[in-house]
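To start, the structure under review is shown below, and the notes come after it.
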Amino acid sequence: MSETKTNWKKTLNLPRTSFPMRANLAQNEPASVKRWLKESLYDKVTEAREGCEEFIFHDGPPYANGSIHVGHLLNKVLKDIIVRSRLVAGKQCKFVPGWDCHGLPIEHKVMTELADSGKIEKLNSLDESTRRMAIRRACRQDAEKYIKLQRGQMQRLLTLADYDNPYLTMNPRYEQRVVETFADLVMQGIVFRQLKPVHWSIANETALAEAELDYEDRTDPSVFVDFEACDAAAVAAAFDVEVDQTPSFMIWTTTPWTLPANLAIAVHDRLTYALMRLDGALTVVAEDRIDAVAAVGETESVEKLATCKGSDLVGLTYRHPFCDRTSPVVSAEYVTLEDGTGLVHTAPGHGVEDYGTGLREGMDIYCPVKGDGTYDETVPDWLHGCSVWEANPKVVEHLKASGHLHASKDIVHSYPHDGRSKTPVIFRATEQWFIGVDRPLRDGGQTLRDMAMDATRESVDFVPEWGRNRMRGMLESRPDWCISRQRAWGLPIPAFSMPDGGVFMTAASVRAVAHAFGERGSDAWFNEEPSQLLSTYDPGSDPDAPDGLNLAALEKMHDIFDVWFESGSSWNAVMRARELGCPVDLYSEGSDQHRGWFQLSLLPALGVTGQSPFRCLLTHGFMVDRHGRKMSKSGGNALSVDDLLKDVGADVCRWWVSGLAFENDIRVDLELFHLAGESYRKVRNTIRFLLSNLDDLECSSAEIHELWSTVSPRSLEAWVLGEAGRLQTEVMEAYEQLEFRKAHLAIFDFCNETLSAIYCVAVKDRLYCDQANSERRRRTQATLHRLAEVLCRLTTPILVHTADEAWRALHGDDACVHLEVIQPLQVTVDKDWPLVMEAREMVLKALEEAREAGKDGIEKSLDAGILMPDPEDQLAPFAEALEAMCEVSRLTCSKDYSEIKIEDLRAEPACERSWRRDQTVQARENGAMLSDRDWDAVQQSLSDG
RNA sequence: GGGCUAGUAGCUCAGUUGGUUAGAGCGCACCCCUGAUAAGGGUGAGGUCGGAGGUUCGAGUCCCCCCUGGCCCA
């Protein structure tokens, strides 16, 4: 029996293919990468699309530090899907990858390494320029190392980009463009220098941007301090009472170290304040804070003497508890009753709000704290040279001893920390460079903020749409942009100091330095004299040049640009410089870039060009672990990209990315990659089935086209090609709309349902059992061929390796699917197909019921015949197709049947070759039971040898 | 503390302007096939829609409050 079986097997056209079931992606993908690099695929594709409609995309630069993580994987793969989906749609889409190279993280790491290797002392013995150059050399090497590493990893993710010509923010030509962008802003009159409290990292002795801060819990002393009034009678008058001693104003602070810089007490005009007798002492606090203040001081007796409005207190003066000066009570809107005393300690040199009050009241922006976090000589002796953190307990002790301390208690609160050194930052007033968002531009008179609000109102698209509100909310309230840093690893701000203490920097002088940077790199700032840097500068033709300018007397200043200004100029330094197109059609990054790169690209572009650098912003969410918590390296819940690539391969990672609802949080877990692997395998096996039945198809492409394009509208082929056409439209639209998940699901459903569960099952019999070169089989093969091509082209943006592997199996090893463009697919399909599919569902259900009918149930569908009710004679023309789709031996349609009936055909003979029990089965001359079709096929294959 | 955002079957997600028994895929269970075979097919069981109120004849969908995440700020 088994021998006979084997014999029949030999006469069948069974599937055969070199396209393996197991993808072995980890092993095979690197070969694809190598081949594409060797063939210069990126250049080939951009050349092939020369002159086509363009889609302008711009890559935001990742920071050149460390190995890539899953976040990069998501970001880069999404971008690659965007680019490749435009390419397969027939558009030109260039992609220049970039890296952010300067900045604190690299410098901090390099400094740590230098310290660890004991070189830091030698470094500190060098003169300033030499020292900075030594640091810069080490930083550049470090950045280069990681660019190389990350580039390899990104290529391993099968991304297509101009990796031979990336943009690096540390390249001279890039630096030149950044400084030129700056020159334009200087020309607009919105760049200024100002003393201003900024977040200051004591550890790194630099001002920090918001983006460089981490908020962490910290324990600080929370103190309630009495400031003695100068004039008891004036206070008494404000409250309209008599007093027998000098009252105090009580303030509250969690930064006792800022008390030496106190220059005012702020109250709110409309709040009610009370004159209290607390355990015998006269004190002023907000009426609603009395209980809280009394409680924290463990006060034994509380007596309210009188009340007045805050406005009545304004103008009164008080004596500083340990500095020799008197200061005023002032009014401020931000005073609240949420905590403290309702009287706010104000130090204009140490707080943003205090600073605003100080400016308004004409106070000094007094800051006695030096860059290293210690006090200068303007404070009392006992604090000289003391660090602010040491000062906290000292100040508390001093206040206690002098009787000014009402209460002190440690509290835990959220406090800004330097993201890199993990040390707490302070607010400290320093001279910084700013780009003003509320200063009118010389051209047009609008402010950057107004322009940004206008641009984001309607001329920029947001995906998802809520990004608009988010970004506009940020723009509405953002402060002036502090663009200066006091570090070595960065692009110098080309400002010079003059002998009279003034600062020299005009649009023209900045352009001259930009030119020098473009020629010789920004290292020139450290290696060259001002006269060399300004060699192309002509004071005579610079209307902004100060009177009596003496170039020989200039000295270079030491600030560098905030790295965000560098990356925020990329629309100019890359897209305009390389004539790639600006405004750009799409920027796509994580949603944190609403405040980062998006906003900080928008502002300079508006200042320079008057318009937004992007037409659309796409954002994706952030990776969270399996419990929905944020990913952290230290938490040990981060997955390594290298491990993922070894484990599941890039195509599976890409398949996973394409299926994500990426605008929200993205749960990352190894198990999810394995699940993506299973669904990838489904797609792969479906393609494999198509390919494996094309092994013996030796028709020209014209013949194949003729075969599939002329199928009968009622044939299975017409149906499946119609479905494929729908799929192609749906997927291409989804790509266009940036809805990759939709494309992913459509492709999967098509493979899983339309092909695997329905079409492939239906055509197996004819593929395997029909004569190899019969018209019906060839037509089916032509259809499979077409389906395989459609699937390859549609999956090209996602399954980069697999689509190409299949394409090469189809068209030979010299072919490359990545040069392909989607082709229209049109075939006439009968309108009654929905009825047929409905009938199929009903038959399958009926067969299942027949199967479960007990131990005598019909278990194999080929043992069954179907009597199909067909009241309108609509199904009869599809009987052959329906029979094939249900895998039954016989299907008869008639208006005489009232419901689906299953015929038990087990008494009829089965064909030994096709296992079908069709009525033509009979004993043949060789003794075998075969159907007519199979008997013919056997004879044919024998005569063919 | 503020702005934006999310919370629907074990998992990933759909759920149109409020309207019949809340859908899909995966996974799971059971069955078939062994001529896609480390494959393929069929059937089925899973949900008080984060929680509490409210509006309405009717709410996953609208309003309010709360809880738990995420991003960005303070």
Side-chain angles (χ1 to χ4, degrees), chain A residues 5-6 8-17 19-22 199 210-211 213 215 334 336 338-339 351-353 413-416 464-474 476-479 590-596 599 619-631 656 659-661 663-667 669 671-672 674-676 678-679 681-682 684-693 741-742 744-745 748-749 752-753 755-758 760-762 764-765 767-769 841 843-849 851-852 857-863 885-887 913-915:
Chain A
K5 256 188 176 171
T6 316
W8 294 127
K9 213 165 163 173
K10 280 178 185 164
T11 70
L12 296 170
N13 317 302
L14 288 183
R16 198 166 60 175
T17 177
F19 186 86
M21 180 178 288
R22 286 172 64 81
H199 286 289
E210 292 90 337
L213 300 179
Y215 284 81
Y334 53 80
T336 70
E338 275 168 31
D339 39 31
V352 172
E353 288 173 329
H413 60 158
S414 175
Y415 192 87
E465 173 59 32
W466 51 255
R468 186 185 309 280
N469 258 345
R470 181 176 157 92
M471 190 159 163
R472 287 170 59 80
M474 291 171 175
E476 222 161 19
S477 62
R478 72 147 300 136
S591 61
D592 56 337
Q593 302 304 338
H594 281 127
R595 178 162 279 271
Q599 188 181 136
T619 52
H620 57 75
F622 278 74
M623 304 292 181
V624 295
D625 68 14
R626 77 178 82 183
H627 306 296
R629 303 300 167 102
K630 72 162 134 195
M631 292 291 245
W656 172 77
L660 293 171
E663 42 284 82
N664 298 328
D665 299 342
I666 297 151
R667 206 165 286 233
D669 193 54
E671 191 194 343
L672 297 174
H674 288 149
L675 287 173
E678 304 221 349
S679 100
R681 249 165 265 139
K682 184 79 201 190
R684 181 180 179 88
N685 266 322
T686 305
I687 294 174
R688 179 168 183 267
F689 178 85
L690 304 178
L691 297 177
S692 67
N693 284 290
R741 178 180 162 77
K742 209 168 152 188
H744 169 109
L745 293 175
F748 181 78
D749 282 351
N752 191 31
E753 193 64 20
L755 294 185
S756 193
I758 303 177
C760 296
V761 164
K764 276 186 204 174
D765 176 75
L767 286 168
Y768 300 168
C769 303
E841 294 274 327
V843 172
L844 292 179
K845 240 186 196 134
L847 283 170
E848 184 66 20
E849 282 164 20
R851 207 172 272 151
E852 289 165 358
I858 301 171
E859 298 207 313
K860 300 184 191 182
S861 59
L862 281 176
D863 289 342
M885 284 195 287
C886 302
E887 274 193 297
R913 185 167 174 271
S914 69
W915 306 327

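Order of the sequence lines fixes the chain letters, A, B, ..., with proteins taken first and strands second; residue numbering starts at 1 for each chain. Because the structure is a prediction, the values reported are computed rather than measured.
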Within the structure provided, determine whether A:K764 and A:F689 are in side-chain contact (heavy-atom separation under 4.5 Å).
yes
In whole angstrom, give me the gap between the C1' atoms of B:A52 and B:C66.
7 Å
Is there a side-chain contact between A:P479 and A:V352 (heavy atoms, below 4.5 Å)?
no
Just to confirm, is there a sub-4.0 Å distance from OP1 or OP2 of B:A36 to any side-chain nitrogen or oxygen of A:K764?
yes
Taking only residues two or more places apart in sequence or in another chain, which ones pass ring-ring contact (aromatic ring centres under 6.0 Å, His included) with A:H594?
A:F598
Side chains of A:R16 and A:S692: does their closest heavy-atom pair fall under 4.5 Å?
no
Quick one: does A:S756 reach the base of B:A36 with a side-chain donor-acceptor pair under 3.5 Å?
yes
If the C1' atom of B:G7 is compared with that of B:G51, how far apart are they to the nearest Å?
11 Å
Separation of A:L14 atom CG from B:A39 atom C1', in whole Å?
14 Å
Please confirm whether the shortest side-chain N or O distance from A:Y415 to OP1 or OP2 of B:A74 is below 4.0 Å.
no
Which value, in whole Å, describes the distance between the C1' atoms of nucleotides B:G25 and B:G44?
16 Å
Atom CG of A:D669 and atom NE2 of A:H627: how far apart are they, to the nearest 0.5 Å?
8.5 Å
Rounded off to whole Å, could you give me the CD-to-C1' distance for the A:E841 and B:U43 pair?
12 Å
Its contact letters, B for base, S for sugar-phosphate only and - for none at protein heavy atoms under 4.0 Å, make nucleotides 23-33 of chain B read --SSS----SS
CD (A:E465) with more than 12 external heavy atoms under 6.0 Å
yes
Between P of B:G70 and CZ of A:R595, the distance in whole Å:
20 Å
Between B:G27 and B:G10, how far is it from one C1' atom to the other, in whole Å?
8 Å
Give me the distance, rounded to whole Å, that separates B:C72 from B:G60 when you measure between the C1' atoms they each carry.
29 Å
Can you check whether any acceptor in the base of B:C72 is under 3.5 Å from a donor in the side chain of A:R470, or vice versa?
no
Nucleotide nearest A:W466 (side chain, heavy atoms from C-beta), chosen from B:C13, B:U5, B:A36
B:U5
Find the distance A:R22:CZ to B:U37:P and express it as a whole number of Å.
13 Å
Would you indicate what A:S591 reaches in the nucleic acid, counting non-hydrogen atoms under 4.0 angstrom: base, sugar-phosphate, or nothing?
sugar-phosphate
Need one value for A:D592: base, sugar-phosphate or nothing, where a base atom within 4.0 Å counts as base even if backbone is also close, heavy atoms only.
sugar-phosphate
Phosphate OP1/OP2 of B:U12: any A:R667 side-chain N/O under 4.0 Å:
yes
Provide the distance between the two C1' atoms, one in B:G2 and one in B:A22, to the nearest whole Å.
36 Å
Roughly how far apart, to the nearest Å, are B:C49 and B:G15 at atom C1'?
10 Å
Output the rounded distance in Å from CG (A:L844) to P (B:G44).
11 Å
Taking the same atom, P, in B:C13 and in B:G18, what whole-Å distance lies between them?
26 Å
I need the CD1-C1' distance between A:I666 and B:U5, as an integer number of Å.
13 Å
Start at the 5' end of RNA chain B and walk down; is the nucleotide closest to A:M21 or to A:E887 reached first?
A:M21
B:G40, OP1 or OP2 - any side-chain N/O from A:K682 closer than 4.0 Å?
yes
Please report the interatomic distance CZ(A:R684) to CG(A:L691), rounded to the nearest 0.5 Å.
9.5 Å
What does A:L745 touch in the nucleic acid at a heavy-atom separation under 4.0 angstrom: a base, only the sugar-phosphate, or nothing?
nothing
Please answer whether the main-chain N or O of A:L660 pairs with a side-chain N or O of A:R741 as donor and acceptor at a distance below 3.5 Å.
no
Choosing from B:G41, B:A39, B:G70, which nucleotide comes nearest the side chain of A:A757?
B:G41
Look only at the side chain of A:S756 and the backbone of A:E753, and say whether a donor-acceptor pair between them is shorter than 3.5 Å.
no
Between CE of A:M474 and P of B:U5 the distance, given in whole Å, is 12 Å
Distance-only donor-acceptor check, side chains A:T17 and A:R688, under 3.5 Å:
no
Classify the glycosidic conformation of B:G10 as syn or anti, calling it syn when the angle lies within 90° of 0.
anti
Which part of the nucleic acid, if any, lies within contact of A:R681, taking any heavy atom under 4.0 Å across all strands shown: a base, the sugar-phosphate backbone alone, or nothing?
nothing
For a quick check of understanding: with a heavy-atom distance under 4.0 Å over all strands, which category does A:G473 fall into, base, sugar-phosphate or nothing?
nothing
For A:R472, report the nucleic acid contact type (base, sugar-phosphate, nothing); a contact means any heavy atom under 4.0 Å.
nothing
Only Watson-Crick and G-U wobble pairs with both distances less than 3.5 Å should count. Give RNA chain B in dot-bracket notation, marking inter-strand partners with |.
(((((((..((((.....[...)))).(((((.......))))).....((.((..]....)).))))))))).
Gap between atoms CG and P, on A:L755 and B:A39 respectively (whole Å):
19 Å
Take A:K630 and A:F622 through the side chain to side chain contact (heavy atoms under 4.5 Å, CB included) test and state the conclusion after the steps.
CA-CA 8 Å; A:K630 72 162 134 195; A:F622 278 74; over 6 Å; no
Treating A:R681 as the side-chain partner and A:R22 as the backbone partner, does any N or O pair qualify as donor plus acceptor under 3.5 Å?
no
